[in-house]
Amino acid sequence: MKIILPLLLGFLILNSCNSKEKKSIAAINKVDSTMLCIGYHWTEAEGKEFLEKQRKEYTTVEDWKKRAEQIKTQILKGAGLEKFPKKGPLNPIMGDKRTYDGYQVQNVAFESLPGVYVTGSLYTPLNAAGNLPGILNTHGHWSELDDYGRYRSDAQKRFAVMARMGAMVFAYDMVGYGQLAQEYEWVHHHPEALKLQLWNSIRSVDFLLSLGADPDKIAITGASGGGTQAFLLTAIDDRISVSVPVVQVSAHFFGGCVCESGMPIHKSDNFQTNNVEIAACAAPRPLMLVSDGDDWTKNTPNVEFPHILYIYGLFNKPELTEYVHLPDDEHGYDYNKRAAVYPFLAKHLGLDLSKAVNPDGSLNENTIVIEDIKALYPFDEKHPFPANGIKTNDDISWN
């Protein structure tokens, strides 16, 4: 299995991006470098000052709705998705089901564009009936093969537990991760990674709905770069009814990878936003932030969440947004983060929390089976990679 050096390199470059590197990235993406807001684009003080200024610009719910529409427009324009490509058939490839304690797993691939396959695994409860709530699970930039993307043990635990609770859970690979990266020539650090990831997420909603998920109960959650995917999709797709970005919403940090900030989604000649405003586009749909004391979300109780709460207050719906801050925790979607998220999802999706939490308050995760990476790949001898399948990012056609 090959190591994804372009992915790791891209993440490191953007997190510590200087003006020369920024111009290089802009040249690759054919955009003005001054329109890119990358990594630590602002200081903490600048991020706070921006929110304080913005709060004065929207004092009514109508003001905010207008602002939210401007934000959505900039995301789509900056990502090159002002006009959506034609939605073709998903042509899903469904693997064999593997049954475990209270849930089952099925590897999946479907076409988001002709020949472009989104790869992932579907987790569902046993003996489920009716229209289940759907939960999209995204992942961040964990790139070492023994601690990798959606295959990490903490990730597999949350997918399985959410299924046990009664949800249809789709966990899918970022662009340039998983089987397409390891066995073909897909890379993550690519000029259009942000565009394709956002489109793949839109099509992942289509996929859940095609399987009969409840259209009024579609959630998304992910940590780090997965958190970015969560709040970007929520901002531009009203079909998301519950949003839980974990350890990523920051007033001053804009995301450290090309898939988060390598295209001008935050800024134009006469427009500027940040990830707090983008996350707030969820309003008045239920939104939870989870933060820690070890990264760019350390100021959430005093900076980011008060601003989001203010916006929910404009809708007279402050009860629909919450945050959990874990000052002694580190970056990730670890035990304490999952313990915070499960009750929120249960409350807003009508899930059975008793399937996730034991009577003593501990998480019921001990019998979750952690599968090997290759066991979660969708393509095998019984389900071969399709003849029309695209094997490298550069062969995508958006027409």
Side-chain angles (χ1 to χ4, degrees), residues 58 61 64-65 67-69 71-72 75 131-138 158-159 161-171 201-202 204-205 208-209 213-224 226-250 275-291 297 300-301 304-326 333 336-357:
Y58 30 83
V61 69
W64 170 252
K65 287 181 178 178
R67 176 63 176 173
E69 191 61 32
I71 294 167
K72 176 179 178 179
I75 293 170
N131 298 102
L132 301 178
I135 305 176
L136 296 179
N137 266 273
T138 51
R158 80 173 189 264
F159 309 152
V161 168
M162 290 175 188
R164 275 182 178 172
M165 293 168 66
M168 178 186 298
V169 178
F170 181 53
S201 290
I202 293 168
S204 293
V205 179
L208 284 182
L209 294 176
D214 186 338
D216 296 321
K217 294 182 177 180
I218 302 293
I220 186 167
T221 185
S224 194
T228 301
Q229 293 173 75
F231 60 66
L232 286 179
L233 180 65
T234 303
I236 61 95
D237 196 329
D238 291 337
R239 297 176 298 173
I240 297 298
S241 53
V242 181
S243 185
V244 187
V246 175
V247 298
Q248 191 63 8
V249 177
S250 170
N275 287 342
V276 179
E277 285 196 315
I278 293 175
C281 288
R285 295 166 287 171
L287 169 69
M288 170 180 255
L289 305 187
V290 183
S291 54
T297 65
T300 294
E304 288 84 2
F305 185 73
H307 191 82
I308 286 175
L309 183 62
Y310 168 77
I311 291 167
Y312 274 76
L314 296 177
F315 288 91
N316 293 317
K317 296 289 185 180
E319 72 279 5
L320 292 182
T321 187
E322 301 178 21
Y323 82 97
V324 171
H325 185 63
L326 302 163
Y333 211 139
N336 291 334
K337 316 293 196 312
R338 300 194 299 278
V341 170
Y342 293 155
F344 188 81
L345 291 175
K347 177 167 65 174
H348 292 290
L349 295 177
L351 303 176
D352 185 353
L353 186 59
S354 71
K355 298 294 178 62
V357 181

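Note: hydrogens, waters and symmetry copies are ignored here, and every other heavy atom, side chains too, is used.
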Suppose we screen for side-chain hydrogen bond (donor to acceptor under 3.5 Å, both in side chains). Which residues come up paired with [X], at least two apart in sequence or across chains?
{"X": "Ser250", "result": "His252"}
{"X": "Arg338", "result": "Glu365"}
{"X": "Asn336", "result": "Asp329"}
{"X": "Asp237", "result": "Arg239"}

For a side chain to side chain contact (heavy atoms under 4.5 Å, CB included) check, start with the C-alpha distance between Met168 and Leu208, then their side-chain angles and the critical distance, and finish with the verdict. CA-CA 8 Å; Met168 178 186 298; Leu208 284 182; 3.8 Å; yes
Please identify each residue that fulfils salt bridge (Lys or Arg N to Asp or Glu O under 4.0 Å) with Lys65, with sequence neighbours left out.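 Scan of Lys65 (salt bridge (Lys or Arg N to Asp or Glu O under 4.0 Å), adjacent residues dropped) gives Glu62.
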To the nearest 0.5 Å, tell me how far [X] [atom1] sits from [Y] [atom2].
{"X": "Asn275", "Y": "Ile71", "atom1": "CG", "atom2": "CD1", "value": "10.5 Å"}
{"X": "Met162", "Y": "Ile135", "atom1": "CE", "atom2": "CD1", "value": "5.5 Å"}
{"X": "Met165", "Y": "Leu132", "atom1": "CE", "atom2": "CG", "value": "13.0 Å"}
{"X": "Leu309", "Y": "Leu287", "atom1": "CG", "atom2": "CG", "value": "10.5 Å"}
{"X": "Ser201", "Y": "Ile236", "atom1": "OG", "atom2": "CD1", "value": "8.5 Å"}
{"X": "Phe170", "Y": "Ile218", "atom1": "CZ", "atom2": "CD1", "value": "12.5 Å"}

What heavy-atom pair brings [X] and [Y] nearest, and what distance separates the two atoms?
{"X": "Pro245", "Y": "Gly227", "answer": "CB-O, 3.7 Å"}
{"X": "Gly222", "Y": "Ala230", "answer": "N-CB, 4.4 Å"}
{"X": "Ala280", "Y": "Ile311", "answer": "CB-CD1, 3.5 Å"}
{"X": "Ser291", "Y": "His325", "answer": "OG-ND1, 2.6 Å"}
{"X": "Gly166", "Y": "Pro133", "answer": "O-CD, 3.6 Å"}
{"X": "Pro284", "Y": "Leu320", "answer": "O-CD1, 3.0 Å"}

Residues that Tyr323 engages under ring-ring contact (aromatic ring centres under 6.0 Å, His included), provided they are two or more places apart: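 Per chain and number, Tyr323 pairs via ring-ring contact (aromatic ring centres under 6.0 Å, His included) with Phe305.
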Test ring-ring contact (aromatic ring centres under 6.0 Å, His included) applied to Tyr333 - qualifying residues, sequence neighbours left out: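 With neighbours one apart ignored, the set is empty.
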In chain order, what residues pass the side chain to side chain contact (heavy atoms under 4.5 Å, CB included) check against [X], with sequence neighbours excluded?
{"X": "Ala68", "result": "Trp64, Cys281"}
{"X": "Pro306", "result": "Arg55"}
{"X": "Thr138", "result": "Tyr172, Ile220, Gln229"}
{"X": "Leu232", "result": "Ile75, Leu198, Thr228, Ile265, Ile278"}

[X] (side chain) donor-acceptor with [Y] (main chain) under 3.5 angstrom:
{"X": "Arg158", "Y": "Asn137", "answer": "no"}
{"X": "Thr221", "Y": "Val244", "answer": "yes"}
{"X": "Tyr312", "Y": "Arg285", "answer": "yes"}

Listing, residues 344-356 side-chain donor-acceptor contacts under 3.5 Å, not counting sequence neighbours, or none:
unit_1 : atom_1 : unit_2 : atom_2 : d
Lys347 : NZ     : Glu322 : OE2    : 2.5
Asp352 : OD1    : Ser354 : N      : 3.1
Asp352 : OD1    : Ser354 : OG     : 2.5
Asp352 : OD2    : Ser354 : OG     : 3.3

Evaluate side chain to side chain contact (heavy atoms under 4.5 Å, CB included) for Asn316 paired with Val61, printing each intermediate quantity in order. CA-CA 9 Å; Asn316 293 317; Val61 69; over 6 Å; no
Can Ile202 and Leu233 be said to form a side chain to side chain contact (heavy atoms under 4.5 Å, CB included), step by step? CA-CA 7 Å; Ile202 293 168; Leu233 180 65; 3.8 Å; yes
Show the numbers, then the answer: is there a side chain to side chain contact (heavy atoms under 4.5 Å, CB included) between Val276 and Val249? CA-CA 6 Å; Val276 179; Val249 177; 4.1 Å; yes
